[in-house]
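For reference, the structure discussed in these notes is given below.
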Amino acid sequence: MAETTEKPSLNFIEQIIEKDLASDKWGGRVQTRFPPEPNGYLHIGHAKSICLNFGLAQKYNGSFNLRFDDTNPIKEEDEYVEAIENDIRWLGYDLDGKVLFASDYFEQFYDHAITLIKKGLAYVCDLSSEETREYRGTLTAPGKDSPYRNRTVEENLDLFERMRAGEFPDGSKTLRAKIDMASPNLNMRDPVMYRILHAHHHRSGDKWCIYPMYDWAHGLEDSIENVTHSICTLEFENHRPLYDWFLDQLGVFHSQQIEFARLNLGYTVMSKRKLLELVRDKHVRGWDDPRMPTIRGFKRRGYTPSSIRTFCERIGVARMNSRIDIAVLENCIREDLNKRAPRVMCVLDPLKVVIENYPEGQTEEMDAVNNPEDESAGSRKIPFSRELYIERSDFMEDAPKKFFRLAPGREVRLRYAYFVTCTDVIKNDAGEVIELRCTYDPATRGGDSPDGRKVRGTIHWVSAHHAADIEVRLYDRLFNEENPDKTPEGKSWLDAMNPESLTTKANCKLESSWIEAANAVSWPDGINRVQFERTGYFCVDQDSSDDKPVFNRTVTLRDSWAKIQSKS
RNA sequence: UGGCCCGUGGUGCAAUUGGUAGCACGUCUGACUCUGGAUCAGAAGGUUCUAGGUUCGAGCCCUAGCGGGCCAGCCA
């Protein structure tokens, strides 16, 4: 195995770029861009695109533009442009204050349209939208020419000017490219370039009442910005001939469009329309609901920017439609948080334990390591006393052999504290366990037995009188179907929603040391993340207040006991 | 009885562009462990969609078939 020359396997886009660099196609330049429409929040699929485009520019010493593709005033709002910028910055990409808008190019688009009209390659059409559809033909049948197709250049020029001037009502006229109504590619059947829309634009205001269509505008945006590699998703593949046609006819700088497969993640949806519907109809609490696959959702859930970047690199770039297993993302966040998150003990489902042979009213300070993966994180003191809480699931009355935790007569270690043995089980009238009686071995202080006695289990705990009451929100997949987009006959994708995607635990008990040190732990994005030992990674939610801290579970720890259980 | 694109272990991607397949995640073993975490070591798992063809040699090229995706907004 010769591993001296590790060849850096390139994805297909990198291969194209390196070939272009070798042939000096673009004079050594690499210019990419990310062109969101400001009509919604960014999701993890957009993160893939941002990482790709930004990463390529970085890798090849090129540059990257954030450009808002704001050509439809009806759907676009400033709220979204701010949100998108924030999300991109949070992801860790510095924009250098350079933010571009397609709407700034409207005048140039207009001039180019005039050029096309003069070349006899565009005409004003009076067909209604329904008529336009009828004339377009179908996938298998060719379309037919619009009766307005052969207007003279002079007439077209005049009409187009008057369209801009606002002489005609919405929908009454369009400017269309004159290409080929019989093309097997429907995009080439005289596509609409401009529609009349007397609408207020979030940036250009009321200056325009005609707005360019995507196909007409997009290539020009790329051309104006001298974009070399215009990377978009697969559904634009059929549009490439048109993209090329416009730029060719105009003879302007011709960027190369390259398509890749968009990201699909298991057990969630990624379309803007569906995400919007989830928010609008209150199936989730908002765009930043921790169950949402939006950037803000992941942020609020406790994901780190670097974990998302790692994820985007790990999933690769290709042209095959695929669906990524959510486990890959979870692995990325665990990997990051394992190294960075301070540990703390928190009991999610408290069961009271009384240490019968421990002096009443006594409290001891136990030493606890803050992060075994990071020595510099230091250690802390945690209070131990006679009355404690442990996790209800850490006790079993009839425990199987493989259960290494507490059970009648069994001894376990309370992490960083003592060995305890369960001596009695107290139940209520309904037969439910409400309290445990235990004895402790004073010789095991700190968690080791001088006689060399071993225990299989170590469980977490908190001192009852010292613990803070907190609320914890546990999240699960938003959908029960791996692919909610594929709904069975007569069902809606909403039927696939998981009714248990959010579980709120109102009476959790958190180690008091964390409350005291809370603000000492600072993460660059201001989100406070911790590991609750043995249960998972959590972060402080924005709903938190001093008297009622609220935590979100980012992701569980890998749990081999759960695996053993699910097998039986 | 349309056009374009895609088919490699369970999943996602590689394979020096024609020299008989590698990585990651997942799965399973074992070691270690004061988190049933982390870490470490190892294993299983692929007739590269099918059938032909070209070639000394095909995951890579050609043909046909099968399967999947996208397209009939005055959305992007």
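What you see below is based on every heavy atom in this structure, not just the backbone, and it leaves out hydrogens, waters and symmetry mates. We name chains A, B, ... by the order of the sequence lines, and we start the count at 1 in each one.
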>> With syn defined as a glycosidic angle within 90° of 0 and anti as the rest, where does B/G73 land?
In response: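 Classified syn.
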>> Please classify the glycosidic conformation of B/U47 as syn (within 90° of 0) or anti (everything else).
In response: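 Anti for B/U47; the angle lies over 90° from 0.
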Between [options], which nucleotide has the shortest distance from any of its atoms to the side chain of [X]?
X        : options             : result
A/Gln531 : B/A14, B/U35, B/C25 : B/U35
A/Arg405 : B/G26, B/U35, B/G36 : B/G36
A/Ala327 : B/G37, B/G26, B/A14 : B/G26
A/Arg558 : B/C25, B/A38, B/U35 : B/A38

Answer with base, sugar-phosphate or nothing: what part of the nucleic acid does [X] contact at a heavy-atom distance below 4.0 Å?
X        : value
A/Arg323 : sugar-phosphate
A/Phe260 : nothing
A/Arg413 : base
A/Ile459 : nothing
A/Val455 : nothing
A/Thr140 : base

If you measure from the [atom1] atom in [N] to the same atom in [M], how many Å do you get, rounded?
N     : M     : atom1 : value
B/C4  : B/A72 : C1'   : 15 Å
B/A38 : B/A44 : P     : 23 Å
B/C60 : B/U54 : C1'   : 14 Å
B/C75 : B/C66 : P     : 37 Å
B/G19 : B/G57 : P     : 14 Å
B/A58 : B/A51 : P     : 14 Å
B/G37 : B/G30 : P     : 13 Å
B/C13 : B/C6  : P     : 13 Å

>> For A/Ser103, run the side-chain hydrogen bond (donor to acceptor under 3.5 Å, both in side chains) check against A/Thr71, A/Asp69, A/Asp70 and tell me which one passes.
In response: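 The option that passes is A/Asp70.
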>> What I want to find out is whether A/Glu411 reaches A/Arg453 closely enough, with some N-O distance under 4.0 Å, to be called a salt bridge.
In response: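 Judged by the 4.0 Å cut-off on N to carboxylate O distance, A/Glu411 and A/Arg453 do form a salt bridge.
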>> Check this for me: does any side-chain nitrogen of one of A/Glu37 and A/Lys75 sit under 4.0 Å from a carboxylate oxygen of the other?
In response: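 Not counted as a salt bridge, because no side-chain N and carboxylate O are separated by less than 4.0 Å.
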Side-chain N or O of [X] closer than 4.0 Å to phosphate OP1/OP2 of [N]:
X        : N     : answer
A/Arg334 : B/G37 : no
A/Arg319 : B/G68 : no
A/Lys454 : B/U33 : no
A/Ser560 : B/G37 : yes

Report the distance from atom [atom1] of [X] to atom [atom2] of [N], rounded to the nearest whole Å.
X        : N     : atom1 : atom2 : result
A/Ile13  : B/A14 : CD1   : P     : 10 Å
A/Asp448 : B/U33 : CG    : P     : 12 Å
A/Glu511 : B/U35 : CD    : C1'   : 13 Å
A/Ile324 : B/C13 : CD1   : P     : 6 Å
A/Asn11  : B/A24 : CG    : C1'   : 16 Å
A/Leu10  : B/C13 : CG    : P     : 16 Å
A/Gln15  : B/A14 : CD    : C1'   : 10 Å
A/Ile390 : B/U35 : CD1   : C1'   : 15 Å

> Is the NZ or CZ atom of A/Arg415 positioned over A/Trp461's six-membered ring, under 6.0 angstrom from the centre and within 45° of the axis?
Replying inline: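 No - A/Arg415 does not lie over the ring of A/Trp461 by the 6.0 Å and 45° rule.
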> Are A/Arg203 and A/Phe101 in a cation-pi contact, defined as NZ or CZ under 6.0 Å from the six-membered ring centre and within 45° of the axis?
Replying inline: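 Geometry flag: set, cation within 6.0 Å and 45°.
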> Ignoring hydrogens and angles, are the base of B/G12 and the side chain of A/Arg314 linked by a donor-acceptor pair under 3.5 Å?
Replying inline: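 When only heavy-atom distances are counted, A/Arg314 does not reach the base of B/G12 through any donor-acceptor pair under 3.5 Å.
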> Less than 3.5 Å between a donor and an acceptor, one on the side chain of A/Glu373 and one on the base of B/U39, is that the case here?
Replying inline: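 Flag unset: no donor-acceptor pair detected.
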>> Treating primed atoms plus P, OP1 and OP2 as sugar-phosphate and everything else as base, which nucleotides of nucleotides 69-76 of chain B get B, S or - for protein heavy atoms under 4.0 Å?
In response: SBBBSBBB
What about the rings of [X] and [Y], do their centers lie closer together than 6.0 Å?
X        : Y        : result
A/His218 : A/Tyr214 : yes
A/Phe403 : A/Trp561 : yes
A/Phe419 : A/Tyr440 : no
A/Phe109 : A/Trp216 : no
A/Trp514 : A/Phe532 : no
A/Phe384 : A/Tyr418 : yes
A/Phe106 : A/His201 : yes

>> Among A/Tyr211, A/Tyr105, A/Phe160, which residue satisfies the ring-ring contact (aromatic ring centres under 6.0 Å, His included) criterion with A/Tyr110?
In response: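 Among the candidates, only A/Phe160 passes.
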> Hey, which of these two, A/Arg343 or A/Glu335, hits RNA chain B nearer its 5' end, going by closest nucleotide?
Replying inline: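 Nearest nucleotide further toward 5': that of A/Glu335.
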> Between A/Asp559 and A/Ser322, who's closer to the 5' end of RNA chain B by nearest nucleotide?
Replying inline: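 First, find each residue's nearest nucleotide; the 5'-ward one identifies A/Ser322.
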> Does RNA chain B take part in any stems of at least 3 consecutive Watson-Crick or G-U pairs (both distances under 3.5 Å), and if so, which ones?
Replying inline: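 Detected stem regions: B:2-7 with B:66-71, B:10-13 with B:22-25, B:27-31 with B:39-43, B:49-53 with B:61-65.
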